[in-house]
Amino acid sequence: MPGRLRLALFGPPGAGKGTQAQLLTDRYDLAHVSSGDIFRHNLRQGTPLGLRAKKYMDRGELVPDEVVIDIMLSKVMSIHADDGFILDGFPRNTRQAEELEAALTARARNIDKVLHIDVCEEELARRLGGRFVCRDCQAPFTHQGDGPPPACQRCQGDLYQRDDDRPEAVQRRIGVYRDETMPVLAFYRDRGLLADIPGKDSVDKVFKRIVETL
Ligand code: AP5
Ligand code: MG
C-alpha cells in the first residue's frame with residue numbers, strides 16, 4: 001500500500017467519518033484534514049475565523065465558500081507531495097470539489113479514492129444524540145448512559161458534547177448534506193473514484209470494508 005494514498009471521506013453527519021479517518025490515519029500514516037475540526041479549533045482559540053464559522057455551524061449550515069475554500073486548499077497544498085492525506089468534511093459542495101480538483105491538478109496531484117459511508121437517518125440521530133468528543137485529540141465516542149463518560153479512551157483528554165449535536169441542528173445538517181453535499185458524489189462517480197461503503201455495522205466491520213476497497 002503506498003504511503004501517499006490521497007483519500008476523501010463522504011457521509012452524512014454521524015456516518016463515522018471522523019472515527020474511520022483516525023483508524024485510516026493510524027493504519028496508512030496519512031495526514032487527517034478535517035474541516036470541522038479546524039473550525040472548532042479556531043473557535044476554541046477565539047480567532048476571527050472561528051467566530052465567523054460559529055454562527056453557521058450552530059445552525060447546522062455550511063460555512064460560506066469564501067471562508068472555507070482558501071483555508072482548506074492551503075492546508076491540503078501544504079502537505080508534502082510524498083505524504084498521503086485523508087480529507088474529512090471537505091469538499092462539501094460542487095464548487096469546493098471543482099476548486100480542489102483544479103488546485104490538485106495544477107500541482108500534478110489527484111485524489112485516489114472517495115469513500116462514501118452510507119448510514120440511515122435513524123441511526124445518525126441515535127449516534128449523535130450520545131456523542132462526546134475529546135477536546136485534545138478530537139476522537140468521538142458514543143455514550144448512551146447518564147452523565148458524561150470519564151475521559152477520552154484514546155488520550156485521556158476531557159470530553160464534551162458539540163453544540164451542533166442538538167436535535168434541531170442535526171436535522172438541519174442532514175438536510176444540508178442531502179441538498180448540497182450529495183451532488184458531489186455524482187461528481188466523483190463520473191470520475192470513477194467513488195466507493196460506496198455500507199456504514200451501519202460496527203466500527204471494525206466498516207473499517208474492514210474500507211481496507212478491502214483500498
Ligand atoms: P463536521 O465536523 O464535518 O461534521 P459532520 O459532517 O456533520 O459530521 P460529524 O463530525 O458530525 O460526523 P462523523 O461522520 O465524523 O461521525 P463520527 O465519526 O464523529 O462539520 C461540522 C460543521 O462545520 C458543518 O455543519 C458546517 O457548518 C461546518 N463545515 C465543515 N466543513 C465544511 C465545509 N467543507 N464547507 C462548509 N462548512 C463546513 O461518529 C459519530 C458518532 O457515532 C460517534 O459518537 C462515534 O463514536 C459513533 N460511531 C461511528 N461509527 C460507528 C459505527 N460504525 N457504529 C456505531 N457507532 C459509530
Ligand atoms: Mg466528524
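Atoms within each ligand, like the ligands themselves, are counted from 1 in listed order. Just so it is clear, the values below take in all heavy atoms, side chains as well, and ignore hydrogens, waters and symmetry mates.
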Check your understanding: Just how far is it from atom CD of Gln20 to atom CG of Leu9, taken to the nearest 0.5 Å?
Key ->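 Taking CD in Gln20 and CG in Leu9, the distance rounds to 8.0 Å.
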Practice item. Give the minimum heavy-atom separation between Asp82 and Arg4, together with the two atoms involved. Key: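 So the minimum-distance heavy-atom pair works out to O-CB, 3.5 Å.
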Practice item. Answer yes or no for Met72: is there a heavy-atom contact with ligand 1 below 4.0 Å? Key: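 Not so, Met72 does not reach ligand 1.
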Check your understanding: Between Arg173 and ligand 1, which residue portion shows a heavy-atom distance shorter than 4.0 Å: side chain, backbone, both, or neither?
Key ->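 It is the side chain that touches ligand 1; the backbone stays farther off.
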Point to revise | Reported CG-to-CG distance for the pair Leu185 and Asp196, which is rounded to 0.5 angstrom | key: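 Answer rounded to 0.5 Å: 7.5 Å.
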Exercise for review: Provide the number and element of each atom of ligand 1 under 4.0 Å from a heavy atom of Asp201.
Suggested key: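 Atoms satisfying the 4.0 Å criterion: 52 (C), 53 (N), 54 (N).
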Exercise for review: Only heavy atoms count here, so choose which of Arg59, Lys17, Arg131, Glu180 is nearest to atom 19 (O) of ligand 1.
Suggested key: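 Comparing heavy atoms across Arg59, Lys17, Arg131, Glu180, the nearest one to atom 19 (O) of ligand 1 lies in Arg131.
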Check your understanding: Going by distance only, is there an N or O of Gly16 that falls short of 3.5 Å from an N or O of ligand 1?
Key ->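 The answer is yes, given that Gly16 and ligand 1 share an N or O pair closer than 3.5 Å.
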Check your understanding: Between the side chain of Asn42 and the main-chain N/O of Ile38, is any donor-acceptor distance below 3.5 Å?
Key ->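 Side chain of Asn42 to backbone of Ile38, a donor-acceptor pair under 3.5 Å: yes, one is there.
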**Study point:** Leu62 and Asn93, any side-chain heavy atoms less than 4.5 Å apart
**Key:**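 Yes, at least one pair of side-chain atoms sits under 4.5 Å.
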Review point. Would you say Lys200 has any N or O atom under 3.5 Å from an N or O of ligand 1, going by distance alone?
Key: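 No - when backbone and side-chain N and O of Lys200 are compared with those of ligand 1, no distance drops under 3.5 Å.
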Practice item. Could you tell me whether the side chain of Val203 reaches within less than 4.5 Å of the side chain of Leu23, counting heavy atoms only? Key: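 A side-chain contact under 4.5 Å exists here.
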Exercise for review: Between Phe132 and ligand 1, find which residue part has any heavy-atom pair under 4.0 Å and reply side chain, backbone, both or neither.
Suggested key: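 Phe132 to ligand 1: no contact under 4.0 Å from either part.
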Check your understanding: With only distance considered, is Gly18 within less than 3.5 Å of ligand 1 through an N or O on each side?
Key ->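 Yes: some nitrogen or oxygen of Gly18 is under 3.5 Å from one in ligand 1.
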Review point. Which atoms of ligand 1 are found less than 4.0 Å from any heavy atom of Thr142?
Key: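 The atoms of ligand 1 under 4.0 Å from a heavy atom of Thr142 are 41 (C), 42 (O), 43 (C), 44 (O), 45 (C), 46 (O), 47 (C).
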**Study point:** Short N or O distance, Asp165 and ligand 1, threshold 3.5 Å exclusive
**Key:**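 By distance alone, the answer is no.
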Point to revise | Sub-3.5 Å N/O-N/O distance, Val63 and ligand 1 | key: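 It does: an N or O of Val63 is found under 3.5 Å from an N or O of ligand 1.
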Point to revise | Sub-3.5 Å N/O-N/O distance, Asp88 and ligand 1 | key: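 Such a contact does not occur with ligand 1.
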Practice item. Please confirm whether Arg59 makes a cation-pi placement over Tyr56, using NZ or CZ under 6.0 Å from the six-membered ring centre and within 45° of the ring normal. Key: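 The answer is yes, since Arg59 meets both limits relative to Tyr56.
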Check your understanding: For Tyr177, is the NZ or CZ atom of Arg173 found under 6.0 angstrom from the centre of its six-membered ring and inside 45 degrees of the ring axis?
Key ->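 Negative - Arg173 is either too far from the ring of Tyr177 or too far off its axis.
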**Study point:** Contact atoms of ligand 1, heavy-atom distance to Glu61 under 4.0 Å
**Key:**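 Contacts of ligand 1 toward Glu61, numbered from 1: 26 (C), 27 (O).
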Check your understanding: Mind checking whether Ala15 has an N or O less than 3.5 Å away from an N or O of ligand 1?
Key ->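 In this structure, Ala15 places an N or O atom under 3.5 Å from an N or O of ligand 1.
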Check your understanding: Looking only at non-hydrogen atoms, which of Arg172, Arg92, Glu123, Lys205 approaches atom 1 (P) of ligand 1 most closely?
Key ->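 Comparing heavy atoms across Arg172, Arg92, Glu123, Lys205, the nearest one to atom 1 (P) of ligand 1 lies in Arg92.
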Exercise for review: Using a 4.0 Å heavy-atom threshold (strictly under), name the region of Thr19 that reaches ligand 1: side chain, backbone, both or neither.
Suggested key: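 Both of them.
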Practice item. With heavy atoms of Ser202 as the reference, note each atom of ligand 1 found under 4.0 Å away. Key: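 In order of number, 53 (N).
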Check your understanding: With a cut-off of 4.0 Å, which atoms of ligand 1 are near a heavy atom of Ser35?
Key ->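 Ligand 1 atoms under the 4.0 Å threshold to Ser35: 30 (C), 31 (N), 32 (C), 34 (N).
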Point to revise | Within reach of ligand 1, part of Pro91 (heavy-atom separation under 4.0 Å) | key: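 None of Pro91 does.
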Exercise for review: Mark up the atoms of ligand 1 that fall under 4.0 Å of a heavy atom belonging to Gln96, in ascending order.
Suggested key: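 Within the 4.0 Å cut-off of Gln96, ligand 1 contributes 33 (C), 34 (N), 35 (N), 36 (C).
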Review point. Looking only at N/O atoms, are Phe141 and ligand 1 under 3.5 Å apart anywhere?
Key: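 Looking only at distances, the answer is yes, because the N/O contact criterion of under 3.5 Å is met.
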Review point. Considering only heavy atoms of Arg40, which atoms of ligand 1 have at least one such atom less than 4.0 Å away?
Key: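 Counting atoms of ligand 1 from 1, those under 4.0 Å from Arg40 are 2 (O), 21 (C).
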Review point. Are Asp165 and Gln161 close enough that some pair of their side-chain heavy atoms sits under 4.5 Å apart?
Key: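 They are not in side-chain contact.
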**Study point:** CG on Leu193 to CZ on Arg191, rounded to 0.5 Å
**Key:**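 Arg191 CZ to Leu193 CG: 8.0 Å, rounded to 0.5 Å.
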Check your understanding: Are Arg154 and Asp26 within salt-bridge range, i.e. N to O under 4.0 Å?
Key ->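 Salt bridge flag = yes for Asp26 with Arg154.
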Review point. Taking the six-membered ring for Trp, are Phe10 and His116 ring centroids under 6.0 Å apart?
Key: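 Centroid distance Phe10-His116: not below 6.0 Å, so no.
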Check your understanding: Which atoms of ligand 1 are found less than 4.0 Å from any heavy atom of Gly36?
Key ->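 This gives 2 (O), 30 (C) as the contact atoms.
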Review point. Just how far is it from atom CG of Asp65 to atom CE of Met72, taken to the nearest 0.5 Å?
Key: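 Atom-to-atom, Asp65:CG and Met72:CE are 12.5 Å apart.
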Check your understanding: Which is it for Pro12 and ligand 1 at heavy atoms under 4.0 Å: side chain, backbone, both or neither?
Key ->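 For Pro12, the contact with ligand 1 is made by the backbone alone.
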**Study point:** Test of proximity, Gly60 against ligand 1: N or O pairs below 3.5 Å
**Key:**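 Gly60 vs ligand 1: no N/O contact under 3.5 Å.
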Point to revise | Exercise: identify the closest heavy-atom pair between Gln22 and Pro140 | key: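 That closest heavy-atom pairing would be OE1-CD, 4.3 Å.
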Review point. Which of these, Asp201, Asp118, Asp204, sits in a salt bridge (Lys or Arg N to Asp or Glu O under 4.0 Å) with Arg209?
Key: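 Among Asp201, Asp118, Asp204, the one meeting salt bridge (Lys or Arg N to Asp or Glu O under 4.0 Å) with Arg209 is Asp201.
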Check your understanding: At a 4.0 Å cut-off, with the gap strictly under it, does some heavy atom of Gly14 reach an atom of ligand 1?
Key ->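 Yes, Gly14 has a heavy atom closer than 4.0 Å to ligand 1.
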